[in-house]
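Note that this is a predicted model, so its numbers are computed, not measured.
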Amino acid sequence: MAAPESNVDDVVAVPLRHPWRWISGGIATALLLSFIWAVYSAESIQHEIVTKFLFDHRILEGMLVTLWVTVVCMTFGVILATILAIMKLSVNPLLRWLATGFIEFFRGTPLLLQIVFWGYLGIIFPEIFLGIPFTDIVFFRDQTSDVIPAIVAGIIALSLNEAAYSAEIVRAGILSVDSGQVEAAKSLGMSSGYTMRKIVLPQAMRVIIPPIGNEFIGMLKNTSLLQVIAVAELYTRASTISSANLAQIELLVVSGFWYLVMTTVLGFPQRALERRYGRGFAVVGGRAAPRAFKVGRR
Amino acid sequence: MAEVMVDARNVRKTYGSNEVLRGVSLTVERGEVLCIIGPSGSGKSTFLRCLNHLESINGGRIYVNGELMGYRQSGNVLHEMKPKDIARQRQAIGMVFQKFNLFPHMTALQNVIEAPIGVAGINSAEAKELGTKLLDQVGLGDKGDHYPSQLSGGQQQRVAIARALAMKPKLMLFDEPTSALDPELVGDVLDVMKGLAKAGMTMIVVTHEMGFAREVADKVVFIDKGQIVEMGTPKQVLDKPQEARTKAFLNKVL
């Protein structure tokens with residue numbers, strides 16, 4: 001039966017006006033614009049210096065270092081975090097205790113302190129060697145500063161710190177998977193390692209990825225701390241230039257701009273990963289369609 | 001004489017001071033269907049989970065297909081089995097759970113063929129053929145590329161049955177397979193199970209579906225407080241129960 005064209009029951013009401021929404025929004029926008037204008041028109045900021053250094057090859061090289069150090073540290077960090085998370089969930093009390101100790105230690109001390117510590121490793125242990133203790137058998141011996149240059153020290157520091165934080169994220173992800181999944185896997189004759197790789201971790205990923213995305217962005221910015229051990233990343237390059245030309249603010253704007261670009265761009269692969277591991281799950285929040293409307297394969 | 005598939009002898013299981021199973025003994029022959037009924041908390045699900053060593057037992061012995069489950073006996077000494085060997089034993093025993101426990105990140109077909117490929121080691125073309133055939137058998141041949149979240153409860157449970165069958169088990173365990181389903185979806189699942197029984201599969205079914213037990217079971221066991229109260233044909237146990245506890249239970253559920 002066709003619906004009648006109009007009906008006295010239809011709700012045709014005059015919408016309620018919301019003047020305060022407009023007024024509050026207007027005030028906030030005005031404040032923002034005036035701040036941007038104040039910064040833009042400040043005489044102490046020379047725009048031509050900003051534009052001149054924005055694409056300076058030293059800045060771009062520094063950015064490259066920032067990017068690859070971030071990716072390397074996150075990779076090591078997350079791999080180590082997964083191992084720590086599994087250790088923490090192990091039935092072996094010694095493994096549990098060691099993982100907990102590691103996490104407590106690296107979460108409980110400032111990152112800056114850890115970076116400086118690894119940077120100074122050459123002073124604490126001038127030589128490192130690989131051999132059998134209490135014997136004369138030495139496979140390898142060298143100056144610490146040769147084996148561990150600043151960039152390696154920085155990567156070690158950031159990776160270990162990241163592992164401590166991400167371990168709890170990975171552990172939470174593993175715990176979020178229903179125990180029935182493990183039982184079903186066992187009943188099919190799957191080993192515990194296979195169950196972890198094929199059944200538990202892929203489901204845990206759904207819970208792990210959003211906070212790890214956060215960690216990624218945090219890591220990208222934390223690489224700037226490597227300035228204290230003179231790793232030539234973006235912030236170090238910018239501050240080296242500004243200490244020569246004294247245009248501190250301008251170079252902060254330059255490096256700030258690029259950090260913002262990089263953190264924004266990193267959001268895209270994160271969303272792709274979330275879709276990848278969200279397959280089969282009805283995600284609330286508009287990305288995957290609610291279950292009732294989902295037809296066929298995504 | 002018929003071949004014994006399951007031989008449980010005086011099985012005991014405790015959680016702390018709580019005795020869940022207090023000496024359960026029964027045998028199931030090849031091709032037989034055994035239904036286990038009983039009030040909740042009676043230990044019937046625990047007993048089922050002991051059969052494939054999802055739970056370890058504190059006393060007694062369980063033999064499936066002639067093999068002692070979970071342990072190796074040399075003389076009078078029992079040795080715990082390696083996880084690898086327990087996993088191998090479990091491959092011969094399919095299990096279907098009350099809450100389906102399908103892998104939500106895999107399609108129906110992937111759910112069915114994951115273990116044949118990853119555990120049994122058959123190649124993926126062969127596995128897909130097998131998987132499609134099994135999905136057809138449970139009436140879901142056209143749902144292979146659906147994720148569990150896109151299927152109804154009854155369809156999910158039928159995929160779970162196909163998944164268990166994919167490992168070509170000699171014994172199938174069903175743990176209240178229809179308890180989590182809407183009433184109108186129960187029939188489809190029970191039909192699949194009837195088909196399996198008719199095809200000669202050895203089955204142990206924990207269930208509240210008395211109609212199913214009456215129609216399909218060769219033997220019905222009533223368990224209460226961790227012990228077998230009454231055991232016999234469906235007619236004996238369901239229609240002419242001898243024990244007061246059985247009568248009281250049946251009065252409540254029928």
Is the count of non-hydrogen atoms from other residues, nucleotides or ligands lying under 6.0 Å from [X] atom [atom1] greater than 12?
X: B:Lys194; atom1: NZ; result: yes
X: B:Tyr71; atom1: OH; result: yes
X: B:Glu67; atom1: CD; result: yes

Donor-acceptor pairs are to be reported for all side-chain atoms of residues 176-188 of chain A against protein atoms at under 3.5 Å, with residues two or more places apart or in another chain.
| from | atom 1 | to | atom 2 | distance (Å) |
| --- | --- | --- | --- | --- |
| A:Ser176 | OG | A:Gly173 | O | 2.6 |
| A:Asp178 | OD2 | A:Gly180 | N | 3.1 |
| A:Gln181 | OE1 | A:Gln203 | NE2 | 2.9 |
| A:Gln181 | NE2 | B:Leu102 | O | 2.8 |
| A:Glu183 | OE1 | B:Arg49 | NH1 | 2.9 |
| A:Glu183 | OE2 | B:Arg49 | NH1 | 3.0 |
| A:Glu183 | OE2 | B:Arg49 | NH2 | 2.6 |
| A:Ser187 | OG | A:Ala184 | O | 2.8 |

Residues in ring pair (Phe, Tyr, Trp, His ring centres under 6.0 Å) contact with B:Phe103, at least two apart in sequence or another chain
none
Residue pair A:Ile199 / B:Met106, side-chain heavy-atom distance below 4.5 Å:
yes
Residues which pass salt bridge (Lys or Arg N to Asp or Glu O under 4.0 Å) with A:Lys88, listed by chain and number, not counting sequence neighbours
A:Glu168
Which members of residues 119-134 of chain B, sorted by number, sit under 4.5 angstrom from chain A on a heavy-atom basis?
B:Val119
Which atom names give the shortest non-hydrogen contact between A:Met190 and B:Ala87, and what distance separates them?
O-CB, 4.5 Å
Identify the heavy atoms of A:Gly280 and B:Ser149 that sit nearest to each other, and give their distance.
O-OG, 2.9 Å
Pick from B:Ala166, B:Pro104, B:Ala115: which one has the most heavy-atom pairs with chain A under 4.5 Å?
B:Pro104
Using a cut-off of under 4.5 Å on heavy-atom pairs, state which of B:Arg163, B:Arg88, B:Met167 scores highest against chain A.
B:Arg163
Honestly, the part of B:Gln89 sitting under 4.5 Å from a heavy atom of chain A is neither
